**Student:** 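I have a structure I would like to understand better, so I am pasting it below and will then ask my questions one at a time.
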Number of protein chains: 2
Amino acid sequence: MDRRQKKTREAIFAAFTALLSEKNYNQISVQDIIDTADIGRTTFYTHFETKDFLLKDLCEELFGHIIETAMGFPQGHYHCNCASADDSVFLHLLRHLQENDRNILELLSSQNNEIFLRYFKSNLKRLIITQYADKGLLKDSSLPEDYLVNHITSSFVETVDWWLSRDMKESPEIITEYYLESIKYLVN
Amino acid sequence: MDRRQKKTREAIFAAFTALLSEKNYNQISVQDIIDTADIGRTTFYTHFETKDFLLKDLCEELFGHIIETAMGFPQGHYHCNCASADDSVFLHLLRHLQENDRNILELLSSQNNEIFLRYFKSNLKRLIITQYADKGLLKDSSLPEDYLVNHITSSFVETVDWWLSRDMKESPEIITEYYLESIKYLVN
DNA sequence: TATATACAGAACAATATGTTTGTTATATTA
DNA sequence: TAATATAACAAACATATTGTTCTGTATATA
């Protein structure tokens, strides 16, 4: 890929992220992004069809990365400093959020958080299916598997939202405990 | 209140609701609303400062009503045909959604559902606090009350979302069972 | 009937949108 | 290094939206 393209793309992402942390998504104009990124008008439109596509691409990069990293867990620990191999994948995710992904954190805490929480959820679902459903770790119950997967997934997202809305007062370990406690009767 | 004002307000709400069920919120312009409602430009702005305020007012009317109705439950049953006084407040809400509130249902199922689900959640939280927390019906656990209330609230909202996303295949009774099953270890 | 006010209609400057055209700067490759 | 391709730029564009201001008309309320 052309170095110029990469630079421009990154400049747009950076400008967009900066704007998102201070403004509502709806109130951000393409003009704002162009001005902040300091690029030509034409350039923006060669990279992204609309503002919505920019958002989509940004989310796919951010959440795609964090989920893919967690996908191999706990087999591959990559370069992150996990306390032990017994750490749950959730603790892993929370640590990742807290330590490595300032960008994601800012977006998830911003006034636009619902947008990003939704993207987070749809990516996380894949992870839950791999880690629980496919491994047969869901407890037998009268609940349909799809309902259960949805419940477990959104409960984690809501937990993260709750944590962030209270300025991450608690440690990732505590939050993981809360979360696992709230769903412990549903999984093995 | 002046009859003219009421009519105009309702015309705007109707136009806005119609537009929301076919377009994304971001893509609806004030001009669209004006054209659809067939009112003067000035008129819109005397009623609503911005599109966001219109959204806020609409949500407050819709969710305010549905939650207030449920608030007195099961003491006052109002005019709805509940099977028995033993019906849970959740079953009551689902029936209300299915039978009485075509508007809300359409909005909650539309491509803009996340906006309305959020409003739904914030209103529902008050109800959960009244019905569970204040009555001491939350099971003792290591979880902070605020976390628990948030979990129970968002689980219901997510349940409704799941139900709607599958075109309400199941009956309100079944959905209530699913929901209560998923949180039964947390409440009395 | 008299008075107040909600609405309509037109016009406004300011801004945003998405596209086009021609030019310059910079990667890639041979 | 030189040749070629292409990314980015700048300027201009028609079009649309925004929020406001003005004047005149219609319709509530008292």
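Values below: every heavy atom of this structure, side chains too, minus hydrogens, waters and symmetry copies. Worth saying up front: this structure is predicted, and the values here are computed from it rather than measured.
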**Student:** Kindly indicate whether the side chain of A:W162, heavy atoms from C-beta on, has any atom under 4.5 Å from the side chain of A:Y179.
**Tutor:**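 Counting from C-beta outward, A:W162 and A:Y179 never come under 4.5 Å.
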
**Student:** Counting only side-chain nitrogens and oxygens, does B:Q5 get under 4.0 Å of the OP1 or OP2 atom of C:dA6?
**Tutor:** yes

**Student:** Parallel, tilted or perpendicular: which one describes the rings of B:Y132 and B:F90, with boundaries at 30° and 60°?
**Tutor:**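 Parallel: the ring planes of B:Y132 and B:F90 meet at under 30°.
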
**Student:** Please work out whether the ring planes of A:H151 and B:H151 are parallel, tilted or perpendicular, with thresholds of 30° and 60°.
**Tutor:**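 Correct class here is perpendicular.
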
**Student:** Indicate yes or no for a side-chain donor-acceptor contact from B:N112 to the backbone of B:Y25 under 3.5 Å, with no hydrogens or angles considered.
**Tutor:**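 It does hold such a pair.
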
**Student:** Mind checking whether B:F116 and B:F63 have parallel, tilted or perpendicular rings, split at 30° and 60°?
**Tutor:** tilted

**Student:** What is the distance, rounded to the nearest whole Å, between atom CD1 of A:I34 and atom P of D:dA8?
**Tutor:**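 Rounded to the whole Å, the gap is 13 Å.
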
**Student:** Examine D:dA7: is either OP1 or OP2 under 4.0 Å from a nitrogen or oxygen in the side chain of A:H47? Give yes or no.
**Tutor:**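 It does not, given that no N or O in the side chain of A:H47 lies less than 4.0 Å from OP1 or OP2 of D:dA7.
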
**Student:** What is the separation between atom OH on A:Y45 and atom P on D:dA12, rounded to the nearest whole Å?
**Tutor:**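 Between P of D:dA12 and OH of A:Y45: 19 Å.
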
**Student:** How many whole angstroms separate atom CZ of B:R9 from atom P of D:dA28?
**Tutor:** 18 Å

**Student:** Can you tell me the distance, in whole Å, between the CD1 atom of B:I39 and the C1' atom of D:dA26?
**Tutor:** 16 Å

**Student:** Nearest-Å distance, CG (A:D35) to P (C:dT17)?
**Tutor:** 10 Å

**Student:** Of the nucleotides C:dT17, C:dC7, D:dT18, which one has an atom closest to the side chain of B:T46?
**Tutor:**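 Among C:dT17, C:dC7, D:dT18, the one nearest the side chain of B:T46 is C:dC7.
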
**Student:** Taking only Lys NZ, Arg NE, NH1 and NH2, and the carboxylate oxygens of Asp or Glu, determine whether B:K121 and B:E114 approach each other closer than 4.0 Å.
**Tutor:**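 No, no charged N to carboxylate O under 4.0 Å.
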
**Student:** Please report the distance, rounded to the nearest Å, between CD in A:Q31 and P in C:dT19.
**Tutor:**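 Atom-to-atom, A:Q31 to C:dT19, this comes out as 15 Å.
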
**Student:** Find the distance B:I33:CD1 to D:dT17:C1' and express it as a whole number of Å.
**Tutor:**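 Those two atoms, CD1 and C1', are 12 Å apart.
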
**Student:** Do the ring planes of A:F48 and A:F44 sit parallel (below 30°), tilted (30 to 60°) or perpendicular (above 60°)?
**Tutor:**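 Rings of A:F48 and A:F44: tilted, 30 to 60°.
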
**Student:** Base contacts versus sugar-phosphate-only contacts with protein, heavy atoms under 4.0 Å: please encode nucleotides 21-30 of chain C as B, S and - from 5' to 3'.
**Tutor:** ----BBSS--

**Student:** Whole Å only: how far is the CZ atom of A:F44 from the P atom of D:dA10?
**Tutor:**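 In whole Å, D:dA10 P and A:F44 CZ are 17 Å from each other.
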
**Student:** Would you say the base of D:dG19 and the side-chain of B:R41 have a donor-acceptor pair closer than 3.5 Å?
**Tutor:**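 In this structure, the two groups form a donor-acceptor pair.
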
